[in-house]
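FYI, side chains are in, hydrogens and waters are out, and symmetry mates aren't considered; it's all heavy atoms of this structure. All ligand and atom numbering here is 1-based and tracks the order in the structure.
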Amino acid sequence: MKILVTGGLGFIGTNFIHYWLETHPTDQITNLDKVTYAANPTNFDDYVDNHNYKFVKGDINDVALLDQILPGIDLIVHFAAETHVDRSIDDPMAFVKTNVLGTYTLLNSAKKHGNIRFHHISTDEVFGSIPLGSTAQFSETSPYDPSSPYSATKASSDHFVRAFGKTFGLPITISNCSNNYGPYANPEKLVPRMITNLIDGQKIPVYGQGANFRDWLYVTDHCRAIDTIISHGIIGETYCIGGLKETSRNIDLVKKVIKLMGKSEDVIEYVADRPAHDNYAVNWDKISTDLGWKPLETLESGLKKTIDWYVSHESWWRDSKAEAEAFYIKLNNYKNLNK
Ligand code: NAD
Ligand code: DAU
């Protein structure tokens, strides 16, 4: 099979390509990535001699480039996106361009080149927020109610994907996944930011009171879920993917990482809250019951692997950490200006 992966130099795309070429070694992958701040071009340095892997630097909005790449492709797995909620508060238009217009452009090109099978990677954030104290969970039938510019653009992209399936018969599937953690995540995100701050002897900034909750999934479990949907999912269907049976409050996750790294809770620093700060929990019964998928890592085992990876890959994250922390300084200045 010939696969186009978009955004394959980012966190989940990188893990997905590694996973896929290990488990399907005769398939061929073209990785189309714009190489934004979130990409790390060294992620496939070991693949120079792998003839089943090809990298193309480019934008999913570039129709002429898509016309060159798409002939012969059997499957598109679409990860490319602007993904950081805090950056979407700072610069929403970048999210509109890639997540909405880029997804539309890619869908249109997939249709033009023979209705190519299209799997769209989406997020649980499109469903909005679960009230603090509630044990409700999002599922495939939850109404869309996005809170941030990021989730609004992901919601829009989901609607376009479904519309291309219904209107033009494009063979689509969608997955809405909860928070991932694991190797290759940009240190702007909570888990790698915590780990790298602890390595550097820095404080961990906790937004608000740390009471917001998430449903954490180890990234390889997400990759296996995508494989399951590609291989056994029903065309036109949506599958929710999550990791925990119980949600985790941010403060509990922070304390768990501090403990695993043998540090003191004195490093916790409560800071101003994110505007429209959501809570998420996912019911993943459908993919489990219908397709037989379930997560293999526990939060504890996945966090240990993740910590070990960051401890042993400092050269991978050092530059992107500096860039991320510079962004946070700018964002805090911005917040102060608007108080
Ligand atoms: P990431 O930010 O780590 O990587 C995104 C990648 O997309 C980068 O390599 C970037 O260069 C590339 N990219 C951005 N704009 C592009 C464009 N216009 N053309 C081509 N490439 C472009 O993202 P991630 O965390 O790996 O997320 C991947 C996908 O999974 C996204 O669609 C995201 O919404 C979704 N998702 C992420 C999570 C999570 O916890 N990280 C959870 C659920 C869903
Ligand atoms: O739910 C899936 C989503 O998970 C994906 O769609 C997004 O692309 C991905 O970025 C992630 O979004 P979050 O906003 O949940 O991730 P983030 O790592 O930014 O924040 C996780 C939680 O931790 C959130 O409640 C905010 C909080 N936080 C974050 C940072 C960076 C802190 O308390 N301190 C921090 O320094």
Self-check item: Quiz item: cation-pi between Arg214 and Tyr181, 6.0 Å / 45°
Solution: no
For [X], take its heavy atoms, then give the atoms of ligand 2 lying under 4.0 Å from any of them.
X      : answer
His84  : 19 (O)
His277 : 24 (C), 25 (O), 26 (C)
Glu188 : 31 (C)

If we count only N and O atoms by modelled type, under 3.5 Å, do the side chains of [X] and [Y] hold a donor and an acceptor together?
X      : Y     : value
Asn186 : His84 : no
Asp59  : Asn61 : yes
Tyr207 : Asp86 : yes

Ligand 1 contact on [X] by region, counting heavy-atom pairs under 4.0 Å:
X      : result
Asn186 : neither
Lys154 : side chain
Tyr150 : side chain

Polar atom proximity, [X] to ligand 2 (N or O, under 3.5 Å):
X      : value
Arg214 : yes
Asn212 : no
Tyr280 : no
Pro205 : yes
Tyr328 : no

Exercise. Name the orientation class of the two ring planes belonging to Trp309 and Tyr184 (parallel below 30°, tilted from 30 to 60°, perpendicular beyond 60°).
Key: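 Trp309 vs Tyr184 ring planes: tilted.
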Indicate yes or no: does [X] engage [Y] in a salt bridge with an N to O separation below 4.0 Å.
X      : Y      : answer
Asp252 : Lys255 : no
Arg162 : Glu140 : no
Lys112 : Asp67  : yes
Lys154 : Glu125 : no
Lys57  : Asp62  : no

Is ligand 1 less than 4.0 angstrom away from at least one heavy atom of [X]?
X     : value
Gly58 : yes
Asp33 : yes
Gly8  : no
Thr6  : no

Exercise. Just need the protein heavy atom nearest to atom 7 (O) of ligand 1, so name the residue and atom and give the distance.
Key: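 Protein heavy atom at minimum distance: Gly7 CA, 3.5 Å.
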Quiz prompt | Residue, atom name and distance, where the atom is the protein heavy atom closest to atom 28 (C) of ligand 1 | solution = Phe79 O, 3.5 Å
Practice problem: Heavy atoms only: give me the nearest Gly7-Phe79 pair and the separation to one decimal. | Solution: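 Nearest heavy atoms, Gly7 then Phe79: O-CB, 4.3 Å.
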Quiz prompt | Contact check: Asp59 vs ligand 1, nitrogen or oxygen atoms, below 3.5 angstrom | solution = yes
Among [options], which residue places a heavy atom closest to [atom]?
atom                    : options               : value
atom 16 (O) of ligand 2 : Leu190, Ile12, Asn179 : Asn179
atom 21 (N) of ligand 1 : Glu82, Lys57, Lys34   : Lys34
atom 20 (O) of ligand 2 : Lys189, Arg274, Glu82 : Arg274

